[in-house]
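So you know, we letter chains A, B, ... as the sequences are listed, proteins then strands, and number each from 1. Below, each value reflects all heavy atoms present in this structure, side chains not excepted, and no hydrogens, waters or symmetry copies.
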Number of protein chains: 2
Amino acid sequence: MKDKKKELTKNQKIVLDFIQKSNKPVKAYSILSNVSKKGLKAPPQVYRALEKLMEVGEIHKIESLNSFVACNSKCIEPNGTIFSICKSCDQTKEVSNTELFKFLSDIKDMNGIELSGYNLELFGTCKTCKT
Amino acid sequence: MKDKKKELTKNQKIVLDFIQKSNKPVKAYSILSNVSKKGLKAPPQVYRALEKLMEVGEIHKIESLNSFVACNSKCIEPNGTIFSICKSCDQTKEVSNTELFKFLSDIKDMNGIELSGYNLELFGTCKTCKT
DNA sequence: AATATTTTGTTATAATATAACATTACCTTC
DNA sequence: GAAGGTAATGTTATATTATAACAAAATATT
Ligand SMILES: [Zn+2]
Ligand SMILES: [Zn+2]
Ligand SMILES: [Zn+2]
Ligand SMILES: [Zn+2]
């Protein structure tokens with residue numbers, strides 16, 4: 001069984017490395033300017049890498065921030081994500097989701113929709129920003 | 001106690017009307033082209049209206065679609081929204097959220113964040129698209 | 001009426017994302 | 001190892017989404 005990261009291509013690794021080193025969600029064009037020294041010079045190179053990294057669950061997109069963050073929950077099923085987001089500093093934290101998944105089954109039934117994924121974004125103020 | 005809609009300005013009413021008549025989430029530039037006959041000719045006019053309408057809870061933004069939809073749950077607290085979204089046709093349905101709010105309190109504690117809002121987007125395939 | 005405030009209008013531009021095609025690297029198979 | 005195929009990368013251009021900054025008009029307040 002191969003290491004997931006080994007399956008990634010050069011550009012995908014470059015982009016993932018940068019995202020993992022960031023302590024906050026990062027925007028595509030911020031990634032671009034930060035990895036330009038490594039040879040990625042145009043948006044499609046970054047967006048292609050982002051797309052693949054999301055597919056394999058290495059990163060997630062924070063929709064409300066148009067930003068990307070490394071997965072810290074070893075998401076096997078990247079179809080369900082939960083993040084808490086500080087409205088003041090944009091710091092995010094991935095929430096583990098075992099309990100919630102069960103809960104969401106009920107909501108599925110309520111809407112007659114065959115559920116295949118979800119994204120929950122919780123907004124608030126983090127401890128640091130509250131003081 | 002005044003009617004919420006009465007407090008809206010001309011442009012806000014125009015934009016809201018269009019969104020309410022749409023049976024799907026609509027994009028800002030689609031709104032713009034559809035209300036241009038009513039005098040709104042530039043993006044800021046639409047975006048300003050959208051901002052206000054979100055503030056007062058008349059509409060919500062579907063972040064994963066960059067689209068806007070009328071509130072159908074008479075959201076008093078527009079801080080928590082739940083939508084089911086068909087990945088095939090982009091149809092959405094607002095889910096009432098009484099049960100979930102309680103559930104989210106726990107998640108708040110899990111992250112040491114003072115929660116003030118949330119947005120849950122559930123993805124799946126609607127009945128129509130499944131057949 | 002004069003003044004302040006809010007809303008609207010307008011121009012320009014920023015920020016986010018993708019389409020389309022060219023080139024290179026990397027396999028495979030003969 | 002040349003020929004041909006596939007995947008990855010590079011490149012240019014453009015589409016889409018959103019906001020800044022300022023001007024004009026409408027509305028409210030004094
Ligand atoms: Zn994850
Ligand atoms: Zn914070
Ligand atoms: Zn609502
Ligand atoms: Zn559908």
K.L.:
Nearest whole Å is fine: how far is dA15(C) C1' from Asn66(B) CG?
P.N.:
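Asn66(B) atom CG is separated from dA15(C) atom C1' by 12 Å.
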K.L.:
Mind checking the CZ-NZ spacing from Arg48(B) to Lys52(B)? Nearest 0.5 Å is all I need.
P.N.:
13.0 Å
K.L.:
Which atom pairs, one a donor and one an acceptor, fall under 3.5 Å between side chains of residues 62-69 of chain B and the rest of the protein, sequence neighbours left out?
P.N.:
{"from": "Ser64(B)", "atom 1": "OG", "to": "Glu121(B)", "atom 2": "OE1", "distance (Å)": "2.6"}
{"from": "Ser67(B)", "atom 1": "OG", "to": "Leu65(B)", "atom 2": "O", "distance (Å)": "2.8"}

K.L.:
Are any of Lys27(A)'s side-chain N or O atoms less than 4.0 Å away from OP1 or OP2 of dT16(C)?
P.N.:
yes
K.L.:
Going 5' to 3' through nucleotides 6-11 of chain D, assign each nucleotide B (protein heavy atom under 4.0 Å from a base atom), S (under 4.0 Å only from sugar-phosphate atoms) or - (no protein heavy atom that close).
P.N.:
--SBBB
K.L.:
Report yes if a donor N or O on one partner sits less than 3.5 Å from an acceptor N or O on the other, where the partners are the side chain of Tyr29(B) and the base of dA18(D); otherwise report no.
P.N.:
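By the distance-only test, yes, there is a pair.
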K.L.:
Could you tell me if the side chain of Asn23(B) sits less than 4.5 Å from the side chain of Gln91(B), heavy atoms only?
P.N.:
yes
K.L.:
Any link between Tyr29(A) and Met54(A) through a network of hydrophobic side chains (Ile, Leu, Val, Met, Phe, Trp, Tyr) touching at under 4.5 Å?
P.N.:
yes
K.L.:
Measure the distance from CG on Leu50(A) to C1' on dA15(C) and round it to the nearest whole Å.
P.N.:
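Taking CG of Leu50(A) and C1' of dA15(C), I get 15 Å after rounding.
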K.L.:
So Asn34(B) and Val26(B), do their side chains get closer than 4.5 Å, heavy atoms only?
P.N.:
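A side-chain contact is absent here, since even the closest heavy-atom pair is not under 4.5 Å.
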K.L.:
Give a yes/no on whether any side-chain N or O of Lys61(A) is located under 4.0 angstrom from OP1 or OP2 of dT16(C).
P.N.:
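Result: no.
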K.L.:
Ignoring backbone atoms, establish whether Tyr47(B) has a side-chain N or O less than 4.0 Å from OP1 or OP2 of dA18(D).
P.N.:
yes
